[in-house]
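Below is one structure, written out as C-alpha cells; comments come after it.
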Amino acid sequence: MIAKRIGAVLAAVALIVGAWLIRSRVIDDDGATDAGDGDRPPAAAEVLVCIQELAEVCRTAIAGTGLRLETTPAGETLDALIAGTQAPTLWLTFDPLPQMINEARGRAGSGVQPISHSAPELATSRIGVVAQADAADALRRACDPVDLGCVGGQSDVKTALSQSNSGIGILTIAAVIDARSGNSFSPDTFDLSWARGLRDNSRATLSDRTAVRTMQTRPTIQAAYGAEAEIATTQRDRFSVLYAEPMVRADVVLMVPADIDVPGGLTESLGTALTEAGWQPATPTEPNGLPEPGAILAIRA
C-alpha cells in the first residue's frame, strides 16, 4: 500500500517536472506560444536613422546610448520604408512623414503592410520665408497678408526652395504648392510648370540641402522658404521672417516601430538637443497647418 502511494507521488512529481521542462525549454526559449510572436518583448534599438538637417542634434543626443547613427535624406528613408526595402527602425524625422508611409502602404496593390508605430512630437518650429531686409519689405507689400504661394510668384525677389529630397524641402514644397492651389491641390489642374521653375531655380543656387542654410552664406539669395530654427543665432539680426496665415509648422517626431524598444532617456536627450539647436518645445495639440499626408504624397509625386 505504502509502495503504491510512493509510486503515485513520484509519478505526479515527474509530470510536474516534465511540464516545467517543456515550458522552459520549448516555449520560453523559442518564444513560440499559442498567442504568436505578438507576445514577444520589443527588441532593443541598435540604430537611430536621422534626417540630414538634424544630424548634429542626433549625434549629440545618442552619446552614451550605444546606438549607431545613420544620417540619410528624409526622402530616401521615406521611399525605402514605403517600398519595404528598409526594415522599420527608430527614425528622427518630421511629421507627417511616418503617416505618409502608412498612407502609401495602405493603398491597394502596395504589397506591404502598414507599420505599427508611435511618433511622439519632440520639438517644433514655424515655417515661413526668411528674407533680407529689402526683399522682406517688397514681399510684405506684394503679399498682404503673407501667403506662401504669393511669395513664390514674385519674380523680382529671388526666392529659393530646399531640395525636394530633404525633410524641410518636402514640408515647404507641399506648403507652398498647397497655398498656391488655394488649399485644394489636384495634379490634374495645378500648373506644375510654375513649381518646376521654382524648383529648378533653387537647384542652381543651393550649396546646402536647405535654402535657409545656403542663404546665410550666399547673399545672392534674397529670400528662402524654411523653418525659423534653421537660422543660426549669430545670423538672426540679418534677416526678417515672414510667416504665413494661417501658421504652418515643422514638427520633429521620433518614429518608434511597435517592436522596437527606445533606450532610456533618448527621447528626453533628443528634446534637449533640439531646444539647444533653436527649436521650440513641442505643441502636439496644435495642428501644423500642412496638407494631409495623401496630399503631400501627391504633391511629391
Side-chain angles (χ1 to χ4, degrees), residues 42 45 47-54 57-58 70 72-127 148 162 164-179 181 183-187 227 229 244 246-260 262 266-267 270-271 274 279-301:
V47 179
L48 173 64
V49 177
C50 187
I51 59 175
Q52 287 184 324
E53 300 95 311
L54 298 176
V57 165
C58 291
E70 292 183 3
T72 57
E76 289 185 13
T77 305
L78 176 67
D79 291 339
L81 289 171
I82 288 174
T85 56
Q86 176 174 322
T89 185
L90 291 182
W91 186 27
L92 191 76
T93 185
F94 291 123
D95 180 64
L97 271 66
Q99 294 172 260
M100 290 164 61
I101 295 168
N102 284 350
E103 176 81 18
R105 281 181 165 229
R107 293 174 180 173
S110 70
V112 284
Q113 294 297 314
I115 301 172
S116 178
H117 71 276
S118 60
E121 182 183 326
L122 305 183
T124 189
S125 180
R126 294 178 292 183
I127 288 176
L148 296 181
S162 297
S164 59
N165 220 23
S166 68
I168 288 291
I170 291 171
L171 299 190
T172 54
I173 290 169
V176 170
I177 291 181
D178 186 56
S181 65
N183 307 114
S184 58
F185 171 78
S186 168
M247 182 63 67
V248 182
R249 298 197 329 269
D251 295 333
V252 183
V253 297
L254 178 65
M255 178 178 171
V256 183
D259 58 353
I260 293 181
V262 180
L266 177 63
T267 302
L270 285 167
L274 284 160
W279 293 78
Q280 298 300 310
T283 54
T285 59
E286 298 180 13
N288 58 24
L290 291 165
E292 293 297 317
I296 299 179
L297 286 168
I299 289 170
R300 188 161 185 260

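All figures in this text were calculated on a predicted structure; none of them were measured in a lab.
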Name all residues meeting the salt bridge (Lys or Arg N to Asp or Glu O under 4.0 Å) criterion together with [X]; count only those two or more places apart in sequence or in a different chain, and write none if there are none.
X: Glu70; result: Arg68
X: Asp259; result: none
X: Arg105; result: none

Do the non-hydrogen side-chain atoms of [X] and [Y] ever get within less than 4.5 Å of each other?
X: Pro88; Y: His117; answer: no
X: Leu254; Y: Leu48; answer: yes
X: Leu266; Y: Leu90; answer: yes
X: Glu76; Y: Val49; answer: no
X: Glu53; Y: Ser166; answer: yes
X: Ile51; Y: Leu92; answer: no

Rounded distance (nearest 0.5 Å) linking atom [atom1] of [X] with atom [atom2] of [Y]:
X: Thr72; Y: Gln86; atom1: OG1; atom2: CD; answer: 6.5 Å
X: Leu274; Y: Ser125; atom1: CG; atom2: OG; answer: 10.5 Å
X: Thr172; Y: Phe94; atom1: OG1; atom2: CZ; answer: 9.5 Å
X: Leu148; Y: Ile127; atom1: CG; atom2: CD1; answer: 8.0 Å
X: Ile170; Y: Leu97; atom1: CD1; atom2: CG; answer: 5.0 Å
X: Met255; Y: Leu81; atom1: CE; atom2: CG; answer: 5.5 Å

Closest non-hydrogen atom pair, [X] against [Y]:
X: Pro98; Y: Val253; value: CG-CG2, 4.1 Å
X: Trp279; Y: Ala250; value: CZ3-O, 3.6 Å
X: Ile260; Y: Ala45; value: CG2-CB, 3.6 Å
X: Trp91; Y: Ala74; value: CZ2-O, 3.7 Å
X: Pro291; Y: Ile296; value: O-CD1, 3.6 Å
X: Asp178; Y: Ser184; value: OD1-N, 4.1 Å

If a pair satisfies salt bridge (charged side-chain N to carboxylate O under 4.0 Å, His left out) and one of its residues is in residues 280-293, list it, with sequence neighbours excluded. Arg249-Glu286
Sequence neighbours excluded, every pair satisfying salt bridge (charged side-chain N to carboxylate O under 4.0 Å, His left out) that has a member inside residues 92-104: none
Partners of Ile82 by side chain to side chain contact (heavy atoms under 4.5 Å, CB included), sequence neighbours excluded? Leu78, Ile101, Ala104, Leu297
Whether the side chain of Glu121 engages the backbone of Thr283 through a donor-acceptor N/O pair (distance < 3.5 Å, no angle test) should be reported. yes
